[in-house]
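Written below as structure tokens is the structure these notes are about.
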Amino acid sequence: MEYNHREIEQRWQQHWKENKTYKTEIDGSKPKYYVLDMFPYPSGAGLHVGHPLGYIASDIFSRYKRLRGFNVLHPMGYDAYGLPAEQYAIQTGQHPEVTTRENIARYRQQLDRIGFCYDWDREIRTCSPDYYKWTQWAFIEMFNHYYDTGCGKAMPVANLVKHFEENGTEGIHAACTKVLHFTATEWNAMDARQKSDTLMNYRIAYLGNTMVNWCPKLGTVLANDEVSEGVSIRGGYPVEQKLMYQWCLRVSAYAPRLIDDLNEVAWSDSIKETQRNWIGRSEGAEMQFRIKDSDVEMTIFTTRADTVFGVTFMVLAPESKYVDMVTIPEQVDAVKAYRDEIKHKTERERLIDKKVSGVFTGAYAINPLSGKEIPVYVSDYVLAGYGTGAIMAVPAHDSRDYAFARHFNLPVIPLIEGADVSEGSFDAKEGKMINSKGPGLDLDGMEVKEAIAATKRFIEEKGIGKVKVNYRLRDAIFSRQRYWGEPFPVYYKDGIPCMLPISELPLQLPEIDKYLPTETGEPPLGRAINWQTPEGYPLELNTMPGFAGSSAYYLRYMDPGNSEELVSKEANNYWRNVDLYVGGTEHATGHLIYSRFWNKFLFDLGKVCEKEPFAKLINQGMIQGRSNFVYRIKDTNTFVSHGLKKDYDVTPIHVDVNIVSNDILDLDAFRAWRPEYADAEFVLEDGKYVCGHAVEKMSKSMFNVVNPDDIVERYGADTLRLYEMFLGPVEQSKPWDTNGIDGVNRFIKKLWNLFYKGDTLLVNDDKPSAEALKSIHKLIKKVTGDIENFSYNTSVSAFMICVNELTALKCHSREVLADLIVLLAPFAPHVSEELWHSALGQNTTVCDARWPEWNEQYLKESSVNYAVSFNGKARFNISVPADMPKEEVEKTALSDEAASKWLDGKTIVKIIVVPGKIVNIVIK
RNA sequence: GGUCGAAUGGUGGAAUGGUAGACACGAAGGACUUAAAAUCCUUUGGCCGUUGAGGCUGUGUGGGUUCGAGUCCCACUUCGACUACCA
């Protein structure tokens, strides 16, 4: 029997499917383990070889845990709502559901060929009504809850209403958009509209007038994590700031818990750090600055309270509410002109244009500590969305303030001893304070850190300000002016937003004729006929963003068919949370924050039992493309090989990597590739055409996309799986390079040859030799350790070594080979399954086998080689029995002939015997 | 600008502070073959040397800790990832 990957893989994939080998049920007799991949967005391009990297790694881990006796939940699904399908729909009129369904079918086909152990009965799609019912449900719950900062969790809005009725805002501890004060009488006097508006200030899902990232080209708003460097992540279109009335989620209320609980998850330090930066906790102080000859008080936020004596001016964000309050009549026109100018610039333009700009309001503020009068400016370098939208400017110790001060010729007062501020500001938080003396407070001579603390104490005592922790994390904007997303379960009764009853969910996405905004500029749902409740109240026209459906999907896999709840108590208490989550780092600030927020909210409601959704996270590296080039001599149809190109004037041209093998171009395939190359001529080196190469993003336009289907067809899924792991550490980014794949394929053939020679079965029941046992037990130890640590590349090497050793030993012992197959099963399930049955005669699937344990006894060396070194320099080797005591080893080392050469006339200072490897003799 | 990470042969990459370069690719030579493919064997960091000896050097650069450093510490250089007017 020869190794025939096509036949074997097809047969076993069929078998697993028919027997539902990987179906998972709750089983209280076994410990659970939940392994999850970040589910893919099914794009039209299909999978390339980079996508399965993480899936293969998690599949290996799942199979390993299963062999270790765990009940493993390993599901897969599709993040099916998204912009590309909708953009495609706009261009072609094709319903996004149709394209999405087709893409999913293609993905499924590709995934199936790689032999994953998913329980497909648990598949979910975010666009399916059975699923998004629970996305809508969670939204309603968020609407009906507020965040109580007193007890640190979400509480029903009904409680809040009761409190308002009895005590007004007195004694309320609630996360809110702005701090309100009213009495019970005032509350009770409000009409329904006013009450609704007031409650929006507290709800976790709320309608608010917020500055949003508006992308005119996409016709929708975007969340902060969907925008980078002033352009949309999808499409790269410019984004501008716009004030809009939108649904938002009060994610910011959870900022402290999102930071604190990072200590409880086993994620890489870098991704935790990224989240910490994104949430952006900063400890500082809020301080009041009064405007001269006015009763206006402006609140600013600063982390450098110590620098308050160096404040020489103040700056307001153009959108700040203070601007209108302080601007003097003479400056109104100038300020208005400046604000208009800023308004018409996109975020991108504001970022690119680093030029300092701003305008004087004409007002002066009083420094609360020094009593000095300082001018108040407006400038776009101050952001409305962070802190209070107003700052005290300390040009000596902040580079942005410095640039502004130089531009407007404002004074710069250094506050730290030795700081040279003639060329630039001194931003470091170190040194001794100077020039910092005022009524009641003297900071001179203090270290910066002391000074910050002293100032904070002082302003709290005097009531000038208070200590405050600020977070950069902002509320998530939850409305999208798009068609292909979850409809909001919201209708408007006399303009007041109301939630549909849970019993009427899901609110299904309606059919529309065109996937574009209406002529009056309403979102696409405005085209839907009868988009209203049975009573005739209009339904919400926005849809939810992409992250809505992906925020709680891991919970749904636990109980995918449940029509009563998102997940039953029983299923949740058994599966709890994800033990191992595998996916890319690109979700660090989006999905991974939203999911954690969503989970914490459901945790507060008692719907889920774990406060963190993903206990351990592994970030697989990105697979880049490896492009190949041919070099055309200018104005000819002649191509010169890479090594000879310097002698010619050439143009590099991308060539399809699929007609290049080990950088050698297949000439006939190249001529057939494109009509214009049909009669191409070549200048060869050593009879071959060598292509150049470069590492680039894997994309169609660079002709460097490698489809896993092609690899599976040629080498088999087992080879693909092993090779992707062999390529390097899972967490590292690396280019895809097919050059080494033959080695892995050769390994499988060698493995096969341990079992069969032609049609002869070689497996016997002989007692394995000590060497063979040592080889296999070494492997058991190595692979077990590697899998736990996610170092699969060295495991693959270990398999190769073991198979080579067993081949050399002519070991065909059933006992040894059975262990080998079980170890290999997670990596190469098809060939393992085949050999398990046909050669080893087992009648259970290899998934039901037990993971072998290594026995130290077999690993014992009969003799140990020591490197003997003098003063750390290795000089010669000695071989001694493994159990020789330390003193004997020293004696043997010193009695060696070579030692005399080194010891001649020298004194031994000390002898170090390191167990296992080295005898170090220090001489003088 | 900030944060995190990386730097080892022609290439991908191994090395709990203990003989650097495992394993694989590629390359060179050889066996089998009419030939090719496949398979197998040998060599393969660099330099010097050679009878099959042996020696020197070597993990981005410069210091340090240590009997001993690719590994730990400090500084620098280069590259990558993420983030960015966050006061």
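Below, chains carry the letters A, B, ... as their sequence lines are ordered, and counting in each starts from 1.
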For [N], which nucleotide in any strand shown is its Watson-Crick or wobble partner with both distances under 3.5 Å?
N: G62(B); answer: C74(B)
N: C25(B); answer: G10(B)
N: A69(B); answer: none
N: C40(B); answer: G30(B)
N: C79(B); answer: G5(B)
N: G49(B); answer: none

I want to check one thing: is the phosphate of [N], taken as OP1 and OP2, less than 4.0 Å away from some side-chain N or O of [X]?
X: Y381(A); N: A87(B); answer: no
X: Q275(A); N: C82(B); answer: no
X: N793(A); N: A14(B); answer: yes

### Query
Taking the C1' atom of each, how far is U8(B) from U71(B), in whole Å?
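That atom pair is separated by 12 Å.
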### Message
If I pick the P atom on C4(B) and the same atom on A14(B), what distance separates them, to the nearest angstrom?
### Response
23 Å
Quick one: which of [options] gets closest to the side chain of [X]?
X: R472(A); options: A22(B), U3(B), A84(B); answer: A84(B)
X: M800(A); options: A87(B), G18(B), A24(B); answer: A24(B)
X: S797(A); options: U3(B), C23(B), C67(B); answer: C23(B)
X: I801(A); options: C4(B), A87(B), C23(B); answer: C23(B)

_With a 3.5 Å distance limit and no angle check, can you tell me whether H397(A) reaches the backbone of L415(A) through a side-chain donor-acceptor pair?_
yes
Do T738(A) and Y715(A) have side-chain atoms, one donor and one acceptor, less than 3.5 Å apart?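 Absent: no donor and acceptor within the cut-off.
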TODO: Consider only side-chain N and O atoms of N745(A) and T719(A), and report whether a donor and an acceptor are under 3.5 Å apart.
DONE: yes
Given side chains that start at C-beta, do those of [X] and [Y] come closer than 4.5 Å, heavy atoms only?
X: V919(A); Y: T892(A); answer: no
X: L859(A); Y: K781(A); answer: yes
X: L820(A); Y: V803(A); answer: yes

Please classify the nucleic acid contact of [X] as base, sugar-phosphate, or nothing, using heavy-atom distances under 4.0 Å.
X: P729(A); result: sugar-phosphate
X: N804(A); result: sugar-phosphate
X: E586(A); result: nothing
X: R474(A); result: base
X: I391(A); result: base
X: S270(A); result: sugar-phosphate
X: I912(A); result: base

[X] [atom1] to [N] [atom2]: how many Å, rounded?
X: H587(A); N: U83(B); atom1: NE2; atom2: C1'; answer: 17 Å
X: E273(A); N: U83(B); atom1: CD; atom2: P; answer: 14 Å
X: Y792(A); N: G13(B); atom1: OH; atom2: P; answer: 18 Å
X: L53(A); N: G12(B); atom1: CG; atom2: P; answer: 17 Å

Applying salt bridge (Lys or Arg N to Asp or Glu O under 4.0 Å) as the test, list every pair that has at least one member in residues 733-758 of chain A; sequence neighbours left out.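 Output for this query lists R626(A)-D737(A).
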Please assess F404(A) against Y377(A) for the test ring-ring contact (aromatic ring centres under 6.0 Å, His included), listing each intermediate value before the final yes or no. CA-CA 10 Å; F404(A) 193 86; Y377(A) 284 79; 5.4 Å; yes
- Give a yes/no verdict on a cation-pi contact between R596(A) and W267(A), requiring under 6.0 Å between NZ or CZ and the six-membered ring centre and an angle within 45° of the axis. yes
Identify, residue by residue, the members of residues 738-750 of chain A with a heavy atom below 4.0 Å from RNA chain B, and return them in order of residue number, or none.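 Heavy-atom contacts with RNA chain B come from N739(A), G740(A), G743(A), R746(A), K750(A).
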Does G9(B) sit syn or anti, given that only angles within 90° of 0 count as syn?
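Chi for G9(B) falls in the syn range.
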